[in-house]
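These notes are about the structure you will find just below.
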There are 2 protein chains.
Amino acid sequence: MRMTRQRRIILDELRKTKDHPTADMLYQSVRRHLPRISLGTVYRNLEILAEAGMIRKLEFGGASRMRFDATVSRHSHIRCVACGRIDDFPLDPDLNPEEYTAGINGYEVLGYNLEFYGRCPACKAKVK
Amino acid sequence: MRMTRQRRIILDELRKTKDHPTADMLYQSVRRHLPRISLGTVYRNLEILAEAGMIRKLEFGGASRMRFDATVSRHSHIRCVACGRIDDFPLDPDLNPEEYTAGINGYEVLGYNLEFYGRCPACKAKVK
DNA sequence: AAAATAATAGTAATGATTACTATTACTGAA
DNA sequence: TTCAGTAATAGTAATCATTACTATTATTTT
Ligand SMILES: [Mn+2]
Ligand SMILES: [Mn+2]
Ligand SMILES: [Zn+2]
Ligand SMILES: [Zn+2]
């Protein structure tokens, strides 16, 4: 993977913020450094950087757009139901989701979504 | 809310299955009873039924399409990473997510996503 | 029955993401 | 230092699930 000027700046801009910007938000800030970059390049590089494990791609249920995160260590998020803002939500491995009542990051916690992923019986059987 | 023929059949078809069909899958099965129904009507009624609390609308991170569920009581789901199939995943309120290692529904559990929602400090301040 | 209202079928628009393509930039031998 | 091979880019078009629009039809109320 070549670290092109475009790729470098996209990564730097993402690392600058504690937000979890969309591709388009990132496109806007990268454009201040590279006015001729295209949105497609931003998408492609975010995908490649995520693939390489240098950033994380976040897709929330209910929200239409993907978000990107420079923090790759495992953590959860909390989304404001009013404005859509997304903040980090550090997990305590000893707590179950019901027990997070304290207002982390100043948020009022209203609820959570928990979904699992895995391999179904049929797909397990197929490839072993 | 009028219980039209279309709305009734959409609800019935959803209740017939333990799957978590997309709007289009439902559209296909409803069409066997009402060949002239439009996809827009299916979407609109699913929205209205969800609003009324008669069904649940599910939106998973990573999956592009919304899913619908006739079971309205609180439960989680597990998605097969290979084929996209979605099954119910009953939650034990005393367990934290890490502890679901046993293969529920015959699934091999690979991981989970946990996201919270609430109101951020700014939005809390705004409307009280 | 007439008027008011709700819902529908069919179609168009939306919008985020992905795909395509001709051009440009980098790389690493000869 | 060429020069071929490859990777990446800018710009644009396509995709596709969902939503919006609109003229018509169905149901309820008066
Ligand atoms: Mn984060
Ligand atoms: Mn379910
Ligand atoms: Zn907010
Ligand atoms: Zn499967």
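Since the model is a prediction, treat every value here as computed from it, not as a measurement. Atom set for the values below is all heavy atoms of this structure, side chains included, hydrogens, waters and symmetry mates excluded. To find a chain, count down the sequence lines: A is the first, B the second, and so on, and within it residues start at 1.
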Check: So, A:R44 and A:T41: side-chain donor and acceptor under 3.5 Å apart, yes or no?
Finding: yes
Check: How are the rings of A:H20 and A:H75 set relative to one another: parallel (under 30°), tilted (30 to 60°) or perpendicular (over 60°)?
Finding: tilted
Next item on the list: Could you tell me whether B:R65 sits above the aromatic face of B:Y43, with NZ or CZ closer than 6.0 angstrom to the six-membered ring centre and within 45 degrees of the axis?
Entry: no
Checklist line | Any side-chain donor near an acceptor of the partner, B:H77 and B:D88, under 3.5 Å | finding: yes
Notebook entry, point to check: Once you round it to whole Å, what is the distance between C1' of D:dA17 and CD of B:E47?
Noted result: 14 Å
Notebook entry, point to check: Just checking, any donor-acceptor pair under 3.5 angstrom between side chains of A:H33 and A:D12?
Noted result: no
Note to self: Measure OH/A:Y43 against P/C:dT18 and give the value in whole Å, please.
What the structure shows: 7 Å
Notebook entry, point to check: Please give, in whole Å, the distance from D:dA8 C1' to A:L11 CG?
Noted result: 17 Å
Next item on the list: Over all heavy atoms of both residues, which pair between B:P90 and B:I104 is shortest? Give the atoms and the distance, please.
Entry: CD-CG2, 4.1 Å
Check: Can you give one letter per nucleotide of nucleotides 4-10 of chain C, 5' to 3': B if a protein heavy atom sits under 4.0 Å from the base, S if only from the sugar-phosphate, - if neither?
Finding: -BBSBBB
Check: Taking atom C1' of C:dA16 as reference, at what distance in whole Å does atom CZ of B:R65 sit?
Finding: 16 Å
Checklist line | Rounded interatomic separation in angstrom, taking CG from B:L26 and P from D:dT18 | finding: 12 Å
